[in-house]
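All figures in this text were calculated on a predicted structure; none of them were measured in a lab. Counting convention: from 1, in listed order, for ligands and their atoms alike.
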Amino acid sequence: MEKLELLYEGKAKRVYTTSDQDKYIVSYKDSATAFNGEKKGEIAGKGEVNNIMSNRICQLLEKSGIKTHFIQELNERETLVKAVSIVPLEVIIRNVAAGSFSKRFGVAEGTVLKQPTLEFCLKDDALGDPMINTSQVLALDIATPRELEKIAYIATRVNEILSEYFNTIGVKLIDFKIEVGRLNGDIILADEISPDTCRFWDKATGKKLDKDRFRQNLGEVEEVYQEMLNRVTRH
Ligand code: TMP
Ligand code: ASP
């Protein structure tokens, strides 16, 4: 399958049309941004890590009954996916306080939450991806009640499956963001699941193994992306 036209270019990926209108090719870049594009950089090898890791995770989730956009890995940076219409929401689950949650609520990073939280942000770069609640999502007709139910179910199941999986490779899943798309009246998992979109802490040492190393200038950025890929591809 060949790339035809560039359909969309985001901060970390390009999406191309193909000769089949039901399929897109996603191409992962090494560029990284943080704080709504304020901080910019390159993480060498990130495109390959995020592509391969996301694909492994999609395959794992499919085995557990979660429908995803994944079709076929084409090469180290490119994947054939189902053409979905993305629901413009960032769906965030947290198990442990960190990042914007710690800041917003004044809760120390690392505080284990009594139960996982489910949050939505509106995907809109110009507005800085503001947080949005379910009544606002419904009022703005961003998703239907039935779709919101499905989205919450998918996010919760992904959290259960991935928390257990990452635990087996010595990683605590602190929080993550997913995106979903519409396909033939259904809602399926789309976009990536990678060190860009999750917080991973080493179970034994607490070391951060994700994009927070870039966001917070902690060093060893490339190394931890490779480390996560190694752990995922070994298991
Ligand atoms: P936050 O604590 O900054 O709100 O991030 C929560 C989770 O969402 C974290 O795992 C990182 C991920 N995330 C993205 O995937 N994209 C984003 O633009 C942001 C801000 C966070
Ligand atoms: N994707 C976000 C941005 O540049 C950053 C992040 O992951 O924190 O805006």
Query raised in the report: Numbering the atoms of ligand 1 from 1, which are under 4.0 Å from a heavy atom of Cys198?
Result: 10 (O)
Query raised in the report: Is Arg215 touching ligand 1 with its side chain, its backbone, both, or neither, if touching means heavy atoms under 4.0 Å apart?
Result: side chain
Query raised in the report: Hey, does the side chain of Lys211 reach the backbone of Tyr225 with a donor-acceptor pair shorter than 3.5 angstrom?
Result: no
Requested in this report: May I have the step-by-step check of side-chain contact (heavy atoms from CB on, under 4.5 Å) for Phe120 and Asn133, ending in yes or no?
Outcome: CA-CA 6 Å; Phe120 299 103; Asn133 70 27; over 6 Å; no
Report task. Using a strict cut-off of less than 4.0 Å between a Lys/Arg side-chain nitrogen and an Asp/Glu carboxylate oxygen, indicate whether Glu160 and Arg157 qualify as a salt bridge. Result -> yes
Query raised in the report: Counting from 1, what ligand 1 atoms have a heavy atom of Phe176 closer than 4.0 Å?
Result: 10 (O)
Query raised in the report: Is at least one protein non-hydrogen atom found at under 4.0 angstrom from atom 20 (C) of ligand 1?
Result: no
Query raised in the report: What do you reckon, is CD of Glu9 surrounded by more than 12 foreign heavy atoms closer than 6.0 Å?
Result: yes
Query raised in the report: Salt bridge check: are Arg199 and Asp210 linked by an N-O gap of less than 4.0 Å?
Result: no
Query - Donor-acceptor under 3.5 Å (Thr18 side chain, Glu2 main chain) - result: no
Query raised in the report: What residue and atom, counting heavy atoms only, is the protein's closest point to atom 7 (C) of ligand 1, and at what distance?
Result: Asp175 OD1, 3.7 Å
**Report entry** Expected output: side-chain His69 to main-chain Asp191 donor-acceptor under 3.5 Å
**Finding:** yes
Query raised in the report: If you count the non-hydrogen atoms of other residues, nucleotides and ligands that lie under 6.0 Å from NZ in Lys39, is the total more than 12?
Result: yes
Query raised in the report: Relative to ligand 1, is Lys211 under 4.0 angstrom through side chain, backbone, both or neither, heavy atoms considered?
Result: neither
Query raised in the report: Does Ser31 reach the main-chain N or O of Ala12 with its side chain, forming a donor-acceptor pair under 3.5 Å?
Result: no
Report task. Could you tell me the residue and atom name of the protein heavy atom closest to atom 3 (O) of ligand 1, and the distance to it rounded to 0.1 Å? Result -> Arg199 NH2, 3.7 Å
Report task. Check each atom of ligand 1 against the heavy atoms of Thr197 and keep those under 4.0 Å away; list them by number with element. Result -> 10 (O), 12 (C), 15 (O)
N or O contacts of ligand 2 with protein under 3.5 Å, please list pair by pair.
residue: ligand 2; atom: 4 (O); partner: Thr33; partner atom: OG1; Å: 2.4
residue: ligand 2; atom: 4 (O); partner: Ala34; partner atom: N; Å: 3.4
residue: ligand 2; atom: 4 (O); partner: Gly37; partner atom: N; Å: 3.1
residue: ligand 2; atom: 7 (O); partner: Lys211; partner atom: NZ; Å: 2.9
residue: ligand 2; atom: 7 (O); partner: Arg215; partner atom: NH2; Å: 3.0
residue: ligand 2; atom: 8 (O); partner: Arg215; partner atom: NE; Å: 2.7
residue: ligand 2; atom: 8 (O); partner: Arg215; partner atom: NH2; Å: 3.4
residue: ligand 2; atom: 9 (O); partner: Lys11; partner atom: NZ; Å: 3.0
residue: ligand 2; atom: 9 (O); partner: Asn36; partner atom: N; Å: 2.8
residue: ligand 2; atom: 9 (O); partner: Gly37; partner atom: N; Å: 3.1

Requested in this report: Specify side chain, backbone, both or neither for Ser100, according to which of its non-hydrogen atoms lie closer than 4.0 Å to ligand 1.
Outcome: both
Query raised in the report: Counting from 1, what ligand 1 atoms have a heavy atom of Gly99 closer than 4.0 Å?
Result: 2 (O)
**Report entry** Asp30 and its salt bridge (Lys or Arg N to Asp or Glu O under 4.0 Å) partner, picked from Lys40, Arg77, Lys46
**Finding:** Arg77
Report summary line: Among non-hydrogen protein atoms, atom 17 (C) of ligand 1 lies closest to Glu90 OE1, 3.9 Å
Query - Nearest heavy atoms of Tyr16 and Leu4, plus distance in Å - result: CB-N, 4.5 Å
Requested in this report: With heavy atoms of Asp196 as the reference, note each atom of ligand 1 found under 4.0 Å away.
Outcome: 15 (O)
Report task. Taking atom types as modelled, find out whether Ser194 and Asp196 have a side-chain donor-acceptor pair closer than 3.5 angstrom. Result -> no
Requested in this report: Using atom types as modelled and distance alone, determine if a side-chain donor or acceptor of Gln226 lies under 3.5 Å from a backbone N or O of Glu223.
Outcome: no
Report summary line: The option among Glu109, Lys177, Glu179 carrying the non-hydrogen atom nearest to atom 12 (C) of ligand 1 is Lys177
Query raised in the report: Any non-hydrogen atom of Lys103 lying under 4.0 Å from ligand 1?
Result: no
